[in-house]
A.B. asks: 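Here it is, the structure, as structure tokens.
Quick caveat, the model's predicted, so the values are computed rather than measured. All heavy atoms count here, side chains included; hydrogens, waters and symmetry mates do not. Note on naming: letters A, B, ... go to the chains in the order of the sequence lines (proteins, then strands), and numbering restarts at 1 for each one.
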Amino acid sequence: MAFETFADFIAMGKHGPFVWSAYGISLIIILANIIAPIQRKKALLNEIKRKIKREKLES
Amino acid sequence: MFQTIKRLYHQFGSPRYFYEMTGKMQPWLIAGTVLLVIPGLIWGLLFAPPDYLQGNSYRIMYIHVPSASLAMGGYVMMAVAGVIVLVWRMKMAEMVARCIAPIGASFAFLCLVTGAIWGKPTWGTWWVWDARLTSMLILLFLYIGVMALNMAIENPQTAARATAVLSIVGAVNIPIIKYSVEWWNTLHQPASITLTSSSMAPEMLIPLLMCIFGFYFLFAVLLIMATRCEVLAREQRSAWVRQLVGE
């Protein structure tokens, strides 16, 4: 372990704000890339289901 | 060997096969991502020793380097898909190329932002117009250009051919990024690891390699998720999608 206490770990020897902001931004961007296709898939499946239903009603 | 590659190429060229196969591959790729990235980052953040010159700010490396590697690797993949689009008119390659752009742009952006945050305590500045940083910024603009062109052209096939040309021409930037630290005098340090050697201590290097490989798995997961949506959207009139949704 490179740090003595949890506070040392958070402080990162004066570099805390730099390290944690870099990791925070990365987490946000990666999560956005995971959530976007999940949402899109849900929307697409609903749309296709609706279309199939409408066609059944029309025929 | 060649026969196998040829067979795989044709199988994955079918949107239905691609959708079914990637659905089966996904859990394994997710497992690979989790098993490499999480231990890699914990090791890098908690257990790797501080750098004797930079202190703890160097821990940004564990996301900066994989992001840079993916931004460049993703671009090469997009350009290769572009060649397949232009030469063999493969529909699946059109979809993959289209889906790489926003993911690649995300990693190029991450590389630049984490680099700037790392630069402040290390170099005393967020940004300099040196060859490495500038060529990486151009890579981000190329990705954004590809995305804009894809959105501007309504017909997906025409859009795919136009963006294929742009991404192939833009590929000249990739060797420029890679060798910028050798060709010009840059503030950015040269590569610490190459295929054959490393100037880094193993207790820093092993977590870095775990993060790099883990991010490649992550990239595969993100690309597959996005491309599966694209397949559903484009193939929604086909019988197999209707059957799949109807179930």
A.B. asks: Using side-chain heavy atoms (C-beta onward) and a distance below 4.5 Å, is A:W20 in contact with B:I117?
C.D. replies: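 A:W20 vs B:I117: side chains apart.
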A.B. asks: Applying salt bridge (Lys or Arg N to Asp or Glu O under 4.0 Å), which residue pairs with at least one partner in residues 29-44 of chain A are found, sequence neighbours left out?
C.D. replies: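 Every pair satisfying salt bridge (Lys or Arg N to Asp or Glu O under 4.0 Å) with a residue in residues 29-44 of chain A: A:R40-B:E230.
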A.B. asks: About how many Å separate CE of A:M12 and CZ of B:R59, when rounded to the nearest 0.5 Å?
C.D. replies: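 CE of A:M12 is found 5.0 Å from CZ of B:R59.
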A.B. asks: Specify which of A:S21, A:G13, A:A43, A:G16 makes the most heavy-atom pairs with chain B at under 4.5 Å.
C.D. replies: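 Most pairs with chain B among the choices: A:S21.
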A.B. asks: Sort A:I34 into side chain, backbone, both or neither according to what part of it lies under 4.5 angstrom from a heavy atom of chain B.
C.D. replies: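 A:I34 touches chain B through backbone and side-chain heavy atoms alike.
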A.B. asks: By a 4.5 Å heavy-atom criterion (distance strictly below it), what part of A:E55 contacts chain B: side chain, backbone, both, or neither?
C.D. replies: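 Looking at A:E55, just its side chain touches chain B.
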A.B. asks: For B:A48, is it the side chain, the backbone, both or neither that has a heavy atom under 4.5 Å from a heavy atom of chain A?
C.D. replies: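 Only the backbone of B:A48 comes within 4.5 Å of chain A.
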A.B. asks: Which pair of non-hydrogen atoms, one from A:V19 and one from B:N56, has the smallest distance, and what is that distance?
C.D. replies: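 Smallest heavy-atom distance, with atoms named: CG2-O, 3.6 Å.
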A.B. asks: Measure A:L45 against the heavy atoms of chain B and call it side chain, backbone, both or neither at under 4.5 Å.
C.D. replies: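 Both parts, backbone and side chain.
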A.B. asks: Of the backbone (N, CA, C, O) and the side chain (C-beta and beyond), which part of B:L110 lies under 4.5 Å from a heavy atom of chain A, both, or neither?
C.D. replies: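 Interface part for B:L110: side chain.
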A.B. asks: Rounded to the nearest 0.5 Å, what's the gap from CG on B:L41 to OG on A:S26? Could you check?
C.D. replies: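 One gets 9.0 Å once the value is rounded to the nearest 0.5 Å.
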A.B. asks: Measure the spacing between CZ of B:R242 and NZ of A:K51 and express it to the nearest 0.5 Å.
C.D. replies: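 Separation between the atoms: 8.0 Å.
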A.B. asks: Heavy atoms under 4.5 Å from chain B: which residues of residues 3-10 of chain A carry them?
C.D. replies: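 Answer by number: A:F3, A:F9.
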A.B. asks: With a 4.5 Å heavy-atom cut-off (strictly below), which parts of residues 213-229 of chain B touch chain A? List them by number.
C.D. replies: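 Checking residues 213-229 of chain B against chain A gives B:F215, B:L218, B:L222, B:M225, B:A226, B:R228, B:C229.
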A.B. asks: I need the B:T122 OG1 to A:H15 NE2 distance, nearest 0.5 Å.
C.D. replies: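 Separation between the atoms: 6.5 Å.
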A.B. asks: Any residues in residues 24-36 of chain B near chain A, with a heavy-atom distance under 4.5 Å, and which are they?
C.D. replies: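 Listed by number, there are no contacting residues, so the answer is none.
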A.B. asks: For B:F109, which atoms come within 4.5 Å of any heavy atom of chain A: side chain, backbone, both, or neither?
C.D. replies: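 Just its side chain gets close to chain A.
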A.B. asks: Within a reach of under 6.0 Å around OH of B:Y17, are more than 12 heavy atoms found that belong to other residues, nucleotides or ligands?
C.D. replies: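 Above 12, so yes.
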